[in-house]
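Quick note: numbers below take in every heavy atom, side chains included, and nothing from hydrogens, waters or symmetry partners.
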Amino acid sequence: LRMSLFNRKVQFTSAIFYNDYKNLQVTKTGYSGLPFVLFNAGSAETYGAELAIDWRVSSVLTIQANVGYLKAKYKDFSCLGNGTFCIPELQVPAFNSSGNTLVQSPEWQGGISALLDVPVTDNWNFEAGALFSFSSKFFPDDENKPRNPPAGQTCFAIGGCGLPQKAYGLLNLRAGVRTANDRIGFYVSARNGFNKFYHAFGTSSNTAIYQIPGAPRIISGQNVLKY
């Protein structure tokens with residue numbers, strides 16, 4: 001759905017979606033030295049909505065914002081085996097992930113950005129932009145293992161703990177000058193301006209938790225020349 005208001009200065013875009021999966025491929029871990037065992041999850045579903053707004057505040061300022069809601073879960077995904085191992089020969093632990101949230105599937109995501117483009121002379125423009133994005137909590141494993149065990153229990157007793165990524169936000173900044181014909185530009189930018197530590201990806205095995213951190217603060221310069 002698209003809609004324009006105020007002589008096209010404000011534009012809305014929205015969408016809703018639903019996906020039904022059969023035999024969704026998921027990797028599990030087995031004995032030490034066997035990092036991946038491929039499974040077909042019986043069934044899973046995702047549904048949600050997205051909304052975006054583009055507001056041309058003035059001839060030099062534009063503000064954009066978007067938000068997305070996602071519900072993603074396994075409807076039927078379990079392998080109980082002998083109660084201890086799903087596949088004893090490969091030492092894949094028994095599991096029941098039915099009803100759990102899919103891997104790397106935050107419930108909420110969104111962002112807001114502002115772009116300033118101001119002529120300072122007849123031949124040069126000053127540009128500045130800021131983007132703040134956010135993500136709610138998500139799980140790196142299909143068993144949705146908690147960070148800490150329930151009171152009175154141990155991680156071993158509950159089949160292991162995990163490291164779900166907490167909600168986080170990132171700020172990216174960019175500023176510079178360019179020629180009015182957009183052929184030459186000089187910019188400096190900062191990604192992850194607050195130097196936020198977060199995990200971009202992760203998974204877990206019987207004996208370890210694997211986490212890949214997101215990029216730290218990166219400050220860089222850029223020269224642009226278009227022919």
For [X] and [Y], does a side-chain donor sit closer than 3.5 Å to a side-chain acceptor?
X	Y	answer
Ser97	Asp142	yes
Thr121	Asn123	no
Arg56	Gln11	no
Glu107	Tyr69	yes
Tyr21	Glu45	no

Hydrophobic cluster membership, [X] vs [Y], 4.5 Å side-chain cutoff:
X	Y	value
Val10	Val57	yes
Leu115	Trp55	no
Tyr227	Val224	no
Trp124	Leu61	yes
Ile112	Phe134	yes

Going through the distances and angles, do Thr101 and Phe138 end up as a side-chain contact (heavy atoms from CB on, under 4.5 Å)? CA-CA 8 Å; Thr101 300; Phe138 62 82; over 6 Å; no
Got a second to check how far [X]'s [atom1] is from [Y]'s [atom2], nearest 0.5 Å?
X	Y	atom1	atom2	answer
Lys22	Asp76	NZ	CG	8.5 Å
Leu171	Asn195	CG	CG	12.0 Å
Met3	Ile53	CE	CD1	9.0 Å
Asp117	Arg178	CG	CZ	4.0 Å
Ser14	Glu50	OG	CD	10.0 Å
Ile16	Leu51	CD1	CG	12.5 Å

Do [X] side-chain atoms and [Y] backbone N/O form a donor-acceptor pair below 3.5 Å?
X	Y	result
Gln104	Ala200	yes
Thr84	Asn82	no
Asn144	Asp141	yes

Indicate the ring-plane relationship of Phe77 and Tyr74, choosing parallel, tilted or perpendicular according to the 30° and 60° boundaries.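 Plane angle between 30° and 60°, so tilted.
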Asn23 and Gln25, any side-chain heavy atoms less than 4.5 Å apart: no
Do the non-hydrogen side-chain atoms of Val103 and Phe139 ever get within less than 4.5 Å of each other? no
Could you walk me through whether His199 and Lys166 pass the side-chain contact (heavy atoms from CB on, under 4.5 Å) check? CA-CA 9 Å; His199 291 115; Lys166 297 179 180 179; over 6 Å; no
Give me the atom names and distance for the closest heavy-atom approach of [X] to [Y].
X	Y	result
Arg2	Thr13	NH1-OG1, 3.8 Å
Ala44	Leu24	CB-CD2, 4.2 Å
Tyr18	Lys75	OH-NZ, 4.4 Å
Tyr187	Gly176	CD2-CA, 3.7 Å
Pro164	Lys137	CB-CE, 3.9 Å
Ser113	Leu131	CB-CD1, 3.8 Å

Stepwise side-chain contact (heavy atoms from CB on, under 4.5 Å) test for Asn192 and Tyr198: CA-CA 10 Å; Asn192 191 2; Tyr198 66 101; 4.1 Å; yes
Worked check of side chain to side chain donor-acceptor pair (under 3.5 Å) between Thr46 and Asn19: CA-CA 5 Å; Thr46 65; Asn19 297 293; 3.2 Å; yes
Stepwise side chain to side chain donor-acceptor pair (under 3.5 Å) check, Ser78 with Ser98: CA-CA 6 Å; Ser78 64; Ser98 300; 4.5 Å; no
Between Phe95 and Phe39, does the ring centre distance come in under 6.0 Å?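 Close enough - the centres of the two rings lie under 6.0 Å apart.
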Atom [atom1] of residue position [X] - does it have more than 12 heavy atoms of other residues, nucleotides or ligands inside 6.0 Å?
X	atom1	answer
Leu80	CG	yes
Phe194	CZ	no
Lys9	NZ	no

Derivation of the side-chain contact (heavy atoms from CB on, under 4.5 Å) call for Arg174 and Gln222: CA-CA 10 Å; Arg174 186 172 187 258; Gln222 181 185 23; 2.9 Å; yes
